[in-house]
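Structure first, commentary second.
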Number of protein chains: 2
Amino acid sequence: MARPRAFDEEIVLTAAMHAFRTHGYARASVSVLEEATGLRASSLYNAYGDKAGLFRRALDHYLASFVGPRLKVHAGPESTLEDLEGLFLTLLVPPYDDGQGCLVTNSAAEFGSAPSIATDGVRAGVTALRRHAEEVLARELGPSAAPTAAARLVLLYQGFLVLGRAGLLDDGHVAAIRAEFVELRERRSPNRPSTVEDENRRSPR
Amino acid sequence: MARPRAFDEEIVLTAAMHAFRTHGYARASVSVLEEATGLRASSLYNAYGDKAGLFRRALDHYLASFVGPRLKVHAGPESTLEDLEGLFLTLLVPPYDDGQGCLVTNSAAEFGSAPSIATDGVRAGVTALRRHAEEVLARELGPSAAPTAAARLVLLYQGFLVLGRAGLLDDGHVAAIRAEFVELRERRSPNRPSTVEDENRRSPR
DNA sequence: CTCATTCTGGAACGCTCTTTCCAAAATGTC
DNA sequence: GACATTTTGGAAAGAGCGTTCCAGAATGAG
């Protein structure tokens, strides 16, 4: 009977994910990862093969455990423009306001367009955001306006994430996002009934 | 009489700048920089003190020799909405379409918000873009709408750069930018006369 | 020519990195 | 208890890193 693992994988992958998000891949040395996860190098190697293997798993974990649930809440089948706006605004409050940015976006910048260990995860993350946004926008604005509006929101969101990562977001950027959604609401499809629930979904701030 | 330098500093800094832009700071090893610049390590150290010193100089050079002139053309005292749109669209054609992104944006993602060798340069780059955009927009839309519109363009531009870096820009994003400027033109201040020159400034594509 | 000064290139240094090795540990089964 | 299996932790290996050292090179001045 093999010795059981002494760690909870969920906890380890979450810790690794945050270490990679904070330091980037190159700067997250194995000793940094040891400290973050509480595991020794040989345990990490035994479990994940090598550093790149751990990164891939951490990125997958990020997509599944952070991006996925956020898209479900803010851009899911029942979501509205207010929920979409909340996707941006929740980045300003705990637990998303730690200033370390998004592992997908950070990895996009770090690895660039050459094939890499981040290629599939970055594409998956950006594609999922766009697809979800487009579905909400198709319901809210009608199907013909949705693709362009979704592409625009993706650009705005990536910009928001980069400036957040750099600590350069300010009230002006927030006002720009709020104005964007004011405009989107003015373009709401007449087929889509408005409800008082919409006002409560934006929160925070 | 001291031995003169065997290199042209402009050429070396430009080469280093591109190496840092392509590989990021952490991955641009001194041997990569040797290859890019054609100088040996000891010459680089003699001239710039250390790797961080070279990076700072390369980032400054980028701001002065690439960002500054681009802002002058696309967001200068005579520039219009069409010129501003060209700031985005020129990223799609040579010499700006090499897919390595922007040293400011890449460094923002790499170094984050903690104090670093990139802090001042990133802030200067983002601030300059915003200020220039805001001046154009104040002329074109009127001073009250300019701050929010500028902040929005900065977010869009950063997002455009990140997705460009990741090789994920497509026609949908370009259409979104074009639509953005269609909307901005509809909001042009009545005080600002339109000219046929405006149509020629957008190019390319 | 000598001199003083700075630059260059190759070699080397010391450190950090990623990864491997292997003995001991942790388990359930017999 | 012995056994087989996997995991863990500490030590070590080898490679790559950033940087320094220093002898020779390149210059203009005298």
Side-chain angles (χ1 to χ4, degrees), chain A residues 1-59 61 103 106-107 110-111 114-118, chain B residues 1-59 61 103 106-107 110-111 114-118:
Chain A
M1 175 64 193
R3 173 179 171 173
R5 284 182 170 175
F7 64 87
D8 175 331
E9 182 154 68
E10 182 95 2
I11 291 176
V12 165
L13 288 179
T14 298
M17 182 192 84
H18 285 303
F20 284 126
R21 204 169 125 258
T22 298
H23 303 285
Y25 178 76
R27 272 214 178 81
S29 63
V30 170
S31 65
V32 162
L33 293 163
E34 279 184 313
E35 197 171 322
T37 58
L39 294 192
R40 287 294 191 229
S42 50
S43 298
L44 290 173
Y45 280 92
N46 185 56
Y48 301 105
D50 57 10
K51 185 182 170 188
L54 176 61
F55 178 82
R56 284 196 196 87
R57 288 294 305 278
L59 183 52
H61 182 66
L103 185 57
N106 301 351
S107 301
E110 177 170 359
F111 290 95
S116 72
I117 56 174
Chain B
M1 177 64 195
R3 173 176 172 176
R5 285 180 169 176
F7 64 87
D8 175 332
E9 181 154 70
E10 181 93 6
I11 292 177
V12 164
L13 287 179
T14 298
M17 181 193 85
H18 286 304
F20 284 126
R21 206 168 123 259
T22 298
H23 302 285
Y25 178 77
R27 273 218 177 78
S29 63
V30 171
S31 66
V32 163
L33 294 163
E34 279 184 316
E35 197 171 320
T37 60
L39 294 193
R40 287 296 191 224
S42 50
S43 299
L44 290 173
Y45 280 92
N46 185 53
Y48 300 106
D50 56 10
K51 186 182 168 187
L54 177 60
F55 177 83
R56 285 196 195 87
R57 288 294 304 279
L59 182 53
H61 183 65
L103 186 56
N106 299 352
S107 301
E110 176 169 1
F111 290 96
S116 73
I117 56 174

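Chain letters run A, B, ... following the sequence lines, proteins first and then strands; every chain starts at 1.
- In this structure, the side chains of A/Tyr48 and A/Arg56 stay at 4.5 Å or more apart for every pair of heavy atoms.
- By the 6.0 Å contact criterion, CD on A/Glu9 is enclosed, its count of non-hydrogen atoms from other residues, nucleotides or ligands being greater than 12.
- At whole-Å resolution of the value, CG in A/Leu33 and P in D/dT8 are 16 Å apart.
- Of the residues in residues 36-51 of chain A, those lying under 4.0 Å from DNA chain D by heavy-atom distance are A/Arg40, A/Ser42, A/Ser43, A/Asn46.
- Annotation: proximity of residues 2-27 of chain B to DNA chain D (heavy atom, distance under 4.0 Å) is found for B/Ala2, B/Arg3, B/Pro4, numbered in ascending order.
- With contacts defined as side-chain heavy-atom distances shorter than 4.5 Å, the pair B/Leu13/B/Leu54 qualifies.
- In this structure the side chain of B/Phe55 never reaches within 4.5 angstrom of the side chain of B/Leu33, judged on heavy atoms.
- With sequence neighbours excluded, no residue satisfies salt bridge (Lys or Arg N to Asp or Glu O under 4.0 Å) with B/Arg3.
- Partner A/Leu103 forms a side-chain contact (heavy atoms from CB on, under 4.5 Å) with one of A/Arg21, A/Glu110, A/His61 and no other, that one being A/Arg21.
- For B/Lys51 (side chain) and B/Leu44 (main-chain N/O), no donor-acceptor pair under 3.5 Å exists by modelled atom type.
- Two residues are said to be in side-chain contact when any heavy atoms from C-beta on lie closer than 4.5 Å; B/Phe20 and B/Leu59 fail this criterion.
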